[in-house]
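Just so it is clear, the structure is predicted and the values come from calculations on it, not from any experiment. The basis for the numbers below is simple: all heavy atoms, side chains too, and nothing from hydrogens, waters or symmetry mates.
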Amino acid sequence: MSFLNPYFAAAVAAVVIPALLILYFLKLRRREEVVPSTLLWKRAVQDLQVNAPFQRLRKSLLLFLQLTVLGLAVFALARPIIQSTATEADRLVLLIDQSASMNTREADGTRLEQAKEQAVRLVRTLNRRNAGWRSFLTFGVAQTRTQVMVIAFAERARIVSPFTTNTADLVSLIKQIEPTDGPTDLREALERAEAYLAPPAMTTDKTPVPAASGARLILISDGRIAHLDDVVLKSGTLEFLRIGDTADNVGITALRTQRSYERPEQLSVFLTVRNFGPAPVATDVSLYVDGTLALVRSVRLAAPAAPSAAPARDAEPPAEEGSSASLSFDLPLNKAAVLEARLSREDRLAVDNRAWAVIPPPRKLRVLTVTEKNYFLDSVLRGLPLEEFPFATPAQYEANAAQAYEADGASRFDVVIFDKVRPARLPAGNFLFLGATPPLPGFPEGTADENFALIWWEETHPLLRHVALDSVIVAKGLTLPVPREAEVLIEGPRGPVLARYAAAGRHCLVLGFAVENSNWWSKPGFPVFMYNAIRYLGGGAEVADGPLRPGETLRFPAPAGIESLTLTRPDARTEKLRVDASGTAYYGNTDRAGVYAVDGGLPGRDRFAVNLEDDWESDIAPPPGPLTVDRQAVGELDAIRTATPEVWRWFVGAALALVLFEWWVYNRRVML
């Protein structure tokens with residue numbers, strides 16, 4: 001325990017305590033009176049025995065009680081405080097985790113609520129001696145004012161408050177931090193903190209902070225943070241305040257849907273459910289179509305393996321056989337709908353108990369082929385169940401692209417095949433390039449190559465399923481210089497031959513040779529590849545890429561003449577979206593899982609599903625070992641148990657209680 005105003009309390013004690021003792025030393029001056037009896041004056045005679053100054057004081061309960069009351073009052077004036085585990089520093093940065101796992105329900109509310117309460121308690125322990133009118137009690141003694149900064153983070157970091165000493169504002173801003181369903185990434189939060197810690201720092205009240213002053217960063221989280229070994233702390237010291245201890249959770253970690261290529265009215269649904277809790281569980285998995293129950297299936301899941309002490313997102317979390325189950329459903333659906341998968345079992349984390357998918361209406365695919373002439377493509381496309389497959393020459397395509405082949409900046413066709421053609425521009429859509437490369441950044445025209453065989457291919461990928469490439473020889477082709485983020489599926493002796501690339505609304509498959517420049521046209525694998533490619537691009541893209549994740553940007557095309565759209569979020573809040581000059585509205589605040597829909601958008605492009613689908617966020621058990629950042633253990637703080645470090649109120653209360661007791665003792669003696 002320490003004191004905020006020790007000098008003032010000492011000065012008061014030096015005055016009032018001697019004054020009380022002097023009152024007991026003072027001699028009473030009474031005049032003599034003759035009375036018939038002295039019976040009623042016995043007590044007065046006893047008082048006279050101690051009226052002489054400087055005599056030894058008798059034992060007096062009243063004097064003891066009064067001295068105790070004065071002592072308690074002096075202690076209260078000294079403003080005693082209880083030191084918390086987080087001592088003050090010149091600069092303090094609070095990093096508050098608001099990711100999906102922080103929505104876990106604990107005994108005293110969600111983890112985020114507990115984290116905010118810990119942050120509020122910590123803030124209230126700071127700068128107490130400098131608060132308002134109390135400053136005059138310090139008698140001009142120099143005080144250290146702690147500058148506090150608050151950052152809330154999930155996948156992205158947000159500065160809740162820059163450096164300030166205003167405790168009231170900090171408490172209000174911390175309480176306004178809202179939960180999100182995003183993943184956890186500490187790197188951006190540390191980068192923002194270090195940007196403010198770099199000299200010279202400036203507070204909100206324009207008070208500069210010396211560059212040499214100390215800086216402490218306190219991470220308030222449950223510890224479910226990935227890529228910690230990649231995080232580098234460049235300045236200050238990091239400490240960890242752990243939140244939460246429960247582990248019971250079952251979640252939907254994947255939801256994919258696909259319409260049958262041959263029977264578009266038939267929908268296939270693929271689900272993965274996983275148990276992250278400490279004990280085996282049983283639950284029902286239900287499918288709802290536009291809010292109506294369609295199918296129910298029961299599943300039993302074993303207990304998982306022990307949680308990892310140092311989770312990393314680039315490694316699959318440990319799981320015992322049977323703790324995860326893959327389910328498939330087939331149901332007829334001949335209309336557009338919103339599909340919802342739901343777990344009946346309630347657990348500590350609710351966000352992964354539900355997942356959504358926006359299902360487009362059934363239809364056969366429309367495929368455009370841009371080529372001078374290709375008999376092999378024509379014969380293959382005629383054998384596929386397509387709605388239409390027109391052909392256009394490169395000159396026809398370039399002359400009529402904006403009018404006949406595009407609408408609102410996107411292709412009118414489900415798939416466009418460019419056979420030995422590199423167009424001048426590429427709209428949004430799905431494209432298959434044969435013997436050419438797309439006109440996109442990072443995709444030059446490629447390096448010519450001759451007479452080579454294919455040496456490696458990703459045979460487990462949906463594009464190459466049941467496709468034999470062992471004896472394919474290419475007489476003339478290209479070695480593709482693909483971007484780093486592209487997915488290489490086939491390689492030749494000098495580099496990539498088939499690559500998949502998706503960016504900015506464009507989904508491209510790029511094959512480095514034309515089919516007639518190889519012997520592939522004579523193999524059964526070529527029509528199978530074309531079947532897989534068209535199905536993958538036009539009808540199976542959702543199976544490959546999955547739904548959106550929290551934090552990703554939504555793109556809503558708008559009809560011509562519309563200047564704004566009204567967005568409805570999963571939490572029923574509405575927001576206005578401005579349509580830009582290209583006729584598109586963008587929305588990036590997808591912090592909660594669910595369905596985002598706009599009124600007045602283009603049919604089929606007006607609803608998007610956002611799901612958690614994150615194993616590390618669903619695995620809510622805090623890591624048992626110490627938190628490590630850049631392979632260094634982080635010091636762990638104890639939870640702050642009190643929100644008010646000053647305890648003078650208890651001393652005032654005790655003094656009042658003793659005053660009442662002293663009054664009772666005095667009156668009892670007088671009456672007796």
Side-chain angles (χ1 to χ4, degrees), residues 83-102 104 106 111-112 114-123 125-126 146-160 174 177 183-198 213-247 306-315 317 616-617 619-641:
Q83 296 289 353
S84 67
T85 55
T87 57
E88 295 189 20
D90 292 343
R91 289 184 292 175
L92 182 65
V93 180
L94 300 182
L95 306 170
I96 302 178
D97 187 354
Q98 58 175 167
S99 62
S101 63
M102 294 296 286
T104 301
E106 299 284 348
R111 290 180 180 175
L112 180 60
Q114 293 182 358
K116 293 194 295 183
E117 180 63 25
Q118 287 293 304
V120 167
R121 291 178 180 179
L122 177 57
V123 166
T125 67
L126 305 174
T146 300
Q147 315 290 342
V148 184
M149 179 182 186
V150 180
I151 298 177
F153 70 96
E155 183 181 21
R156 303 297 303 273
R158 178 177 65 88
I159 296 177
V160 177
I174 290 172
I177 296 176
T184 315
D185 193 340
L186 184 60
R187 287 173 292 188
E188 183 175 336
L190 288 180
E191 290 171 359
R192 293 208 171 193
E194 289 162 356
Y196 274 75
L197 290 173
S213 62
R216 298 177 66 236
L217 294 85
I218 297 181
L219 171 64
I220 308 178
S221 169
D222 58 5
R224 298 303 305 176
I225 305 175
H227 303 304
L228 286 180
D229 288 342
D230 299 333
V231 175
V232 178
L233 185 64
K234 298 179 181 178
S235 58
T237 59
L238 181 65
E239 296 169 277
F240 176 45
L241 203 163
R242 187 185 296 269
I243 301 294
D245 56 9
T246 189
S308 171
R313 194 177 293 275
D314 55 355
W616 289 118
E617 294 298 324
D619 188 2
I620 61 175
L627 203 68
T628 59
V629 173
D630 195 19
R631 296 177 175 82
Q632 298 292 327
V634 177
E636 189 163 335
L637 299 174
D638 294 330
I640 302 174
R641 301 301 179 187

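- Side chains of Gln114 and Glu106 form a contact here, defined as non-hydrogen atoms less than 4.5 Å apart.
- Annotation for Met102 and Asp97: closest pair CG-O, 3.3 Å, computed over non-hydrogen atoms.
- Going from atom CG of Leu95 over to atom CD of Glu239 covers 11.5 Å, rounded to the nearest 0.5 Å.
- Minimum interatomic distance between Arg111 and Gly244 (heavy atoms only, all atoms of both residues): NE-CA, 3.8 Å.
- For Ile151 against Ala189, the heavy-atom pair with the smallest separation is CD1-O, 3.7 Å.
- Separation of atoms CG (Asp222) and CD1 (Ile243) is listed at 8.5 Å; rounding is to 0.5 Å.
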Before giving the answer on side-chain contact (heavy atoms from CB on, under 4.5 Å), spell out for Leu94 and Val123 the whole-Å C-alpha distance, their side-chain angles and the decisive distance to 0.1 Å. CA-CA 9 Å; Leu94 300 182; Val123 166; 3.8 Å; yes
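- Put simply, the side chain of Glu194 never gets that close to the backbone of Leu233: no donor and acceptor are under 3.5 Å apart.
- For Glu188, the salt bridge (Lys or Arg N to Asp or Glu O under 4.0 Å) partners are Arg156, Arg192, not counting sequence neighbours.
- Rounding to the nearest 0.5 Å gives a distance of 12.0 Å between OG of Ser101 and CH2 of Trp616.
- Taking every heavy atom of both residues into account, Ala193 and Leu217 meet most closely at CB-CD2, 4.0 Å.
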Start with the C-alpha gap between Thr628 and Val634, add the side-chain angles, then the distance that decides, and say whether side-chain contact (heavy atoms from CB on, under 4.5 Å) holds. CA-CA 6 Å; Thr628 59; Val634 177; over 6 Å; no
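- In this structure, the separation between CG on Leu241 and CG on Asp638 is 8.5 Å, given to the nearest 0.5 Å.
- Shortest non-hydrogen contact noted between Gln98 and Ile177 is NE2-CG2, 3.5 Å.
- The side chain to side chain contact (heavy atoms under 4.5 Å, CB included) test with Leu197 singles out one residue from Lys234, Arg91, Met149, and that residue is Arg91.
- A donor-acceptor pair shorter than 3.5 Å can be found between the side chains of Glu617 and Thr184.
- For the side chain to side chain contact (heavy atoms under 4.5 Å, CB included) with Phe240, the lone residue among Ile220, Leu219, Ile225 that qualifies is Leu219.
- Legend: residues meeting salt bridge (Lys or Arg N to Asp or Glu O under 4.0 Å) with Arg158, ordered by chain and number and at least two apart, are absent.
- Salt bridge present: Asp185 and Arg187 bring a charged side-chain N and a carboxylate O closer than 4.0 Å.
- Across every non-hydrogen atom of Gly223 and Leu627, the tightest pair is O-CD1, 4.0 Å.
- Between atom CD1 of residue Ile174 and atom NZ of residue Lys116 there is a gap of 10.0 Å, rounded to the nearest 0.5 Å.
- Under 4.0 Å is where a charged nitrogen must lie from a carboxylate oxygen, and between Asp619 and Arg224 at least one such pair does.
- In this structure, the separation between CD1 on Ile640 and CG on Leu122 is 4.0 Å, given to the nearest 0.5 Å.
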